[in-house]
Amino acid sequence: MTYEQTLDILSQCGLGALVLDGAGLITYANETADHLLHGKGQLTGLRLQDMAPALCEEPQAGAPPVYTHLVFGEYLLRCPTPDLAGALPEGTQLVVFRDATNDACHDMLLHALNHVSDAVVLCDDETRIWWLNDAAVQLDSLVIQDVRGETVDEVYDMLDGSKAAVPRVIQEKRPLTNLRQYYGTRYGKRINVVSAAYPILQNGQLLGGYSVLRDYSAIDTLNKKIIDLQSELLERTTIGGSSTKSALLAKYTFSDIIRISPVMNDVVNQCLQVAKSDSSVMIYGETGTGKELFAQSIHNASRRAKGPFLAINCAAIPENLLESLLFGTEKGAYTGAEKRVGLFEQASGGTLLLDEINSMNIGLQSKLLRVLQEGVVRHVGGSAEIRVDVRVLSNTNIPPYQAIAEDKLRRDLFYRLGVVNINVPPLRERREDIPVLAKHFIMECNKKLVRTVSDIDEATLEVFQTYDWPGNVRELQHAIEHAMNVLPYHLTVISPQYLPDHIYGGGPVAPSTSAHPSGGSFHTSVQSFERGALCQVLREHGGNITKAARALQMSRQNLQYYIKRHQIDIAALAGKRDN
């Protein structure tokens with residue numbers, strides 16, 4: 001068979017094929033190539049580089065597609081070059097390509113959908129999830145890698161007694177609009193939405209269905225703002241009337257805490273319960289774990305949510321000034337002092353957060369204790385007692401009992417402030433949350449930096465999963481923002497070389513080498529136990545990653561990371577299931 005006959009067969013398969021000489025001139029074009037390039041039988045002798053430069057570059061395995069956009073409106077895409085085993089004339093080159101207009105339009109539509117404010121969930125005709133846009137990722141705290149290929153009912157649990165919208169429209173083949181739905185994800189997040197769902201029908205064939213969702217809490221918040229503005233307008237127009245509402249409001253709620261890990265879900269559920277009371281709460285967590293975010297969320301979930309929320313960093317303010325700020329001052333209390341109310345008075349009816357309480361001077365801690373015990377404050381330089389109604393939250397970046405042992409926190413003050421103790425886990429103990437947190441920060445930075453970055457690649461995720469994160473969530477946020485600042489504008493996926501040097505170059509923190517009683521290091525023993533536990537669960541489920549991940553209460557992606565880390569042979573385990 002001649003090469004011309006072979007290229008004609010490629011033409012019948014919808015593939016354009018050109019033969020170029022050593023100078024890049026076209027010496028032969030099959031019928032499809034002539035049609036796609038609008039050659040009208042006159043391609044021979046023309047230089048491909050002048051017509052479609054992108055078609056001159058051989059595609060790299062795994063690289064994103066590089067489209068050629070013609071003046072006629074179509075998009076072309078070069079295909080891997082088949083081996084014709086020396087059939088081509090010596091010194092020539094084969095270029096194979098195809099019409100990629102639909103591919104390019106597909107990519108553009110997905111890009112556009114990622115920038116709409118409504119969440120979109122797209123499923124196939126078996127209700128298996130195929131794609132989530134960025135708004136859906138943010139609404140549900142899911143990443144597509146964890147749920148693609150799973151059915152709607154496996155990922156979502158309807159909490160209002162209804163049936164999920166997409167399975168309904170696929171079954172009934174008709175759209176449903178203006179639905180109020182309340183559902184939870186399998187990672188524990190609960191969402192209240194207004195939605196519409198549509199089947200996808202083409203030439204009578206059912207291809208799938210999709211749902212468009214809007215967070216009802218956002219709609220509800222807007223309604224409340226309208227009511228508040230109306231109330232404020234009435235108060236301002238009332239003669240002698242004055243508003244008692246405070247403009248000092250907490251920004252964050254529990255829905256802003258991005259998580260899918262069981263450990264974080266447990267902490268959030270504990271805080272939701274704690275928010276119902278007025279007891280003092282001490283929040284412990286390493287730097288960057290989001291302690292103030294939890295404090296604001298507790299306030300906004302409490303009966304004091306309409307009251308003020310104030311926060312003060314005890315480590316950033318000198319002792320004498322801190323006392324004045326907390327308790328207020330009388331005129332002449334010290335040189336230049338004016339009569340001012342303190343934070344306890346300003347926060348009355350609401351919540352006061354004492355940030356880094358372990359940095360407060362021990363002497364001032366005793367004065368604070370008296371206020372907490374008696375519920376009254378005295379201005380610096382004054383004698384009058386002023387009753388206040390404040391819920392006090394506090395946080396510390398070292399364990400409370402360590403702070404007590406180091407004389408940084410009075411024991412009696414701890415018992416008063418730490419009626420309830422909340423421990424926010426570090427990021428290294430909630431690695432399942434890293435992909436969804438990374439996606440969230442990418443979306444935030446896209447708005448801030450006016451970028452169109454879509455995700456991190458697998459190599460970057462591997463770096464993130466092995467790094468120790470001493471700065472926790474804040475460090476991850478900064479790493480994403482750093483990468484998006486240095487990432488070239490033509491790239492849309494973050495790869496490791498754009499991460500900060502201390503993360504990409506440093507790798508994980510070296511494990512402890514303290515001796516274990518059995519002779520190995522403690523770290524080695526933990527790793528061995530971890531590997532054994534994973535193997536046992538995988539063996540019990542016949543090597544099925546989805547079922548094993550569910551049993552371990554972690555994402556499939558995170559389980560696959562641990563399987564790779566411990567070099568576990570899934571095929572071997574699948575054949576050794578315990579009886």
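Values below: all heavy atoms of this structure, side chains included; hydrogens, waters and symmetry mates excluded.
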* Please check if atom CG in Asn102 has more than 12 non-hydrogen atoms from other residues, nucleotides or ligands closer than 6.0 Å. => no

* **Distance flag, aromatic centroids of His478 and His482, threshold under 6.0 Å** => no

* Going through the distances and angles, do His502 and Tyr467 end up as a side chain to side chain contact (heavy atoms under 4.5 Å, CB included)? -> CA-CA 10 Å; His502 72 278; Tyr467 182 63; 3.3 Å; yes

* Asked: Between Asp215, Val212, Leu113, which is the residue that forms a side-chain contact (heavy atoms from CB on, under 4.5 Å) with Asp118?
  -> Val212

* Taking atom types as modelled, find out whether Gln171 and Lys163 have a side-chain donor-acceptor pair closer than 3.5 angstrom. => yes

* Calculate, to the nearest 0.5 Å, the distance between atoms CD1 and CG belonging to Ile258 and Leu437 respectively. => 7.0 Å

* Is there a side-chain contact between Leu25 and Arg47 (heavy atoms, below 4.5 Å)? -> yes

* Asked: Do Phe254 and Lys189 have side-chain heavy atoms sitting under 4.5 Å apart?
  -> no

* Asked: Has the side chain of Ser495 got a donor or acceptor atom that lies under 3.5 Å from a matching backbone atom of Gln497?
  -> no

* Roughly how far apart are Asp124 CG and Arg148 CZ, rounded to 0.5 Å? -> 11.5 Å

* Applying side chain to side chain contact (heavy atoms under 4.5 Å, CB included), run through Leu427 and Glu475 and close with a yes or a no. => CA-CA 10 Å; Leu427 187 56; Glu475 186 179 10; over 6 Å; no

* Asked: Should the heavy atoms of other residues, nucleotides or ligands under 6.0 Å from CZ of Arg214 be counted, would the total exceed 12?
  -> no

* Structure fact -> Interatomic distance, CG@Leu206 vs CD@Glu126, rounded to 0.5 Å, equals 9.0 Å

* Are side-chain N/O atoms of Asp153 and Thr151 paired as donor and acceptor at under 3.5 Å? -> no

* **Pairwise side-chain contact, Ile26 with Leu20, heavy-atom cut-off 4.5 Å (strictly under)** => yes

* To do: Test Arg259 against Asp433 for salt bridge (charged side-chain N to carboxylate O under 4.0 Å, His left out), laying out the working first.
  => CA-CA 5 Å; Arg259 82 279 178 188; Asp433 294 332; over 6 Å; no

* Asked: Between Asn114 and Asp134, is there a donor-acceptor pair closer than 3.5 Å when you use the side chain of the first and the backbone of the second?
  -> yes

* Check the pair Asp160, Ser162 against side chain to side chain donor-acceptor pair (under 3.5 Å), reporting the backbone distance first and the verdict last. => CA-CA 6 Å; Asp160 55 8; Ser162 66; 2.6 Å; yes

* Structure fact -> Nearest heavy-atom approach of Ala136 to Val120 is CB-O, 3.6 Å

* Asked: So, do Phe97 and Leu37 sit near enough that their side-chain heavy atoms are less than 4.5 Å apart?
  -> yes

* Asked: Do Leu18 and Tyr28 have side-chain heavy atoms sitting under 4.5 Å apart?
  -> no

* Is there a donor-acceptor pair under 3.5 Å between the side chain of Thr6 and the backbone N or O of Thr2? -> yes

* Asked: Are any side-chain N or O atoms of Asn192 and backbone N or O atoms of Tyr216, one a donor and one an acceptor, separated by less than 3.5 Å?
  -> no

* **Non-hydrogen atoms of Ile170 and Gly209 that approach each other most closely** => CD1-N, 4.0 Å

* Heavy-atom donor-acceptor pair, Arg78 side chain to Cys56 backbone, under 3.5 Å -> yes

* Asked: With Arg174, which residues qualify under salt bridge (charged side-chain N to carboxylate O under 4.0 Å, His left out), at least two apart?
  -> Glu172

* List the atom of Thr460, the atom of Leu499, and the distance in Å for their closest heavy-atom pair. => CG2-CD1, 3.9 Å

* Structure fact -> Between Pro488 and Arg451 the two heavy atoms that sit nearest each other are O-NH2, 3.2 Å

* Asked: Hey, does Arg431 have a side-chain heavy atom less than 4.5 Å from the side chain of Trp469?
  -> yes

* Taking atom CD of Gln60 as the centre, does the number of heavy atoms from other residues, nucleotides or ligands within less than 6.0 Å exceed 12? -> no

* Taking the inter-plane angle between the rings of His69 and Tyr75 on a 0 to 90° scale, is it parallel (under 30°), tilted (30 to 60°) or perpendicular (over 60°)? -> parallel

* Asked: Can you find a pair of side-chain heavy atoms, one from Asp107 and one from Tyr67, that are under 4.5 Å apart?
  -> yes

* Structure fact -> Heavy-atom closest pair (Pro425 atom, Arg430 atom, distance to 0.1 Å) is O-CD, 4.0 Å

* So does Arg190 have more than 12 non-hydrogen atoms from other groups sitting under 6.0 Å from CZ? -> no

* Heavy-atom closest contact (Pro496 atom, Tyr504 atom, distance) -> CB-CE1, 3.2 Å

* To do: Check whether any side-chain heavy atom of Val155 lies under 4.5 Å from a side-chain heavy atom of Arg186, and answer yes or no.
  => yes

* To do: Would you confirm whether Arg128, through its side chain, and Glu150, through its main-chain N or O, come within 3.5 Å as a donor-acceptor pair?
  => no

* To do: For Glu57, look at atom CD and say whether over 12 heavy atoms of other residues, nucleotides or ligands are found less than 6.0 Å away.
  => no

* Structure fact -> Only residue of Asp455, Ile456, Ile494 satisfying side-chain contact (heavy atoms from CB on, under 4.5 Å) with Leu461 is Ile456

* **Worked check of side chain to side chain contact (heavy atoms under 4.5 Å, CB included) between Glu444 and Gln477** => CA-CA 10 Å; Glu444 281 193 337; Gln477 181 180 13; 3.8 Å; yes

* Residues that Ser195 engages under side chain to side chain contact (heavy atoms under 4.5 Å, CB included), provided they are two or more places apart -> Leu179, Gln181, Val193, Ser211, Leu213

* To do: Hey, could you give me the CG/CD1 distance between Asp140 and Ile191, rounded to the nearest 0.5 Å?
  => 4.5 Å

* Verify, without hydrogens or angle tests, whether Ser261 (side chain) and Glu432 (backbone) share a donor-acceptor contact under 3.5 angstrom. => no

* Evaluate whether atom CD of Glu31 has more than 12 neighbouring non-hydrogen atoms of other residues, nucleotides or ligands under 6.0 angstrom away. => no

* To the nearest 0.5 angstrom, please state how far the CG atom of Leu122 sits from the CG atom of Asn133. => 10.0 Å

* Is a side-chain donor or acceptor of Asn203 paired with a backbone partner of Gln205 at a separation under 3.5 angstrom? -> no

* To do: Would you check, one step at a time, whether the test side chain to side chain donor-acceptor pair (under 3.5 Å) holds for Glu540 with Gln536?
  => CA-CA 6 Å; Glu540 290 173 356; Gln536 177 65 24; 2.9 Å; yes

* Asked: Is the backbone N or O of Pro470 less than 3.5 Å from a side-chain atom of Asp468, with the two atoms forming a donor-acceptor pair by type?
  -> no

* Run the side chain to side chain contact (heavy atoms under 4.5 Å, CB included) check on Val143 and Ile260 step by step: do they pass? -> CA-CA 10 Å; Val143 286; Ile260 60 175; 5.6 Å; no

Could you pull out all donor-acceptor pairs under 3.5 Å where a side-chain atom in residues 38-46 meets a protein atom, sequence neighbours excluded?
residue, atom, partner, partner atom, Å
His38, NE2, Glu74, OE1, 3.4
His38, NE2, Glu74, OE2, 2.9

* **Thr253 side, atom OG1; Leu293 side, atom CG - distance, nearest 0.5 Å** => 8.5 Å

* Test Asp8 against Ser11 for side chain to side chain donor-acceptor pair (under 3.5 Å), laying out the working first. => CA-CA 5 Å; Asp8 287 343; Ser11 183; 5.8 Å; no

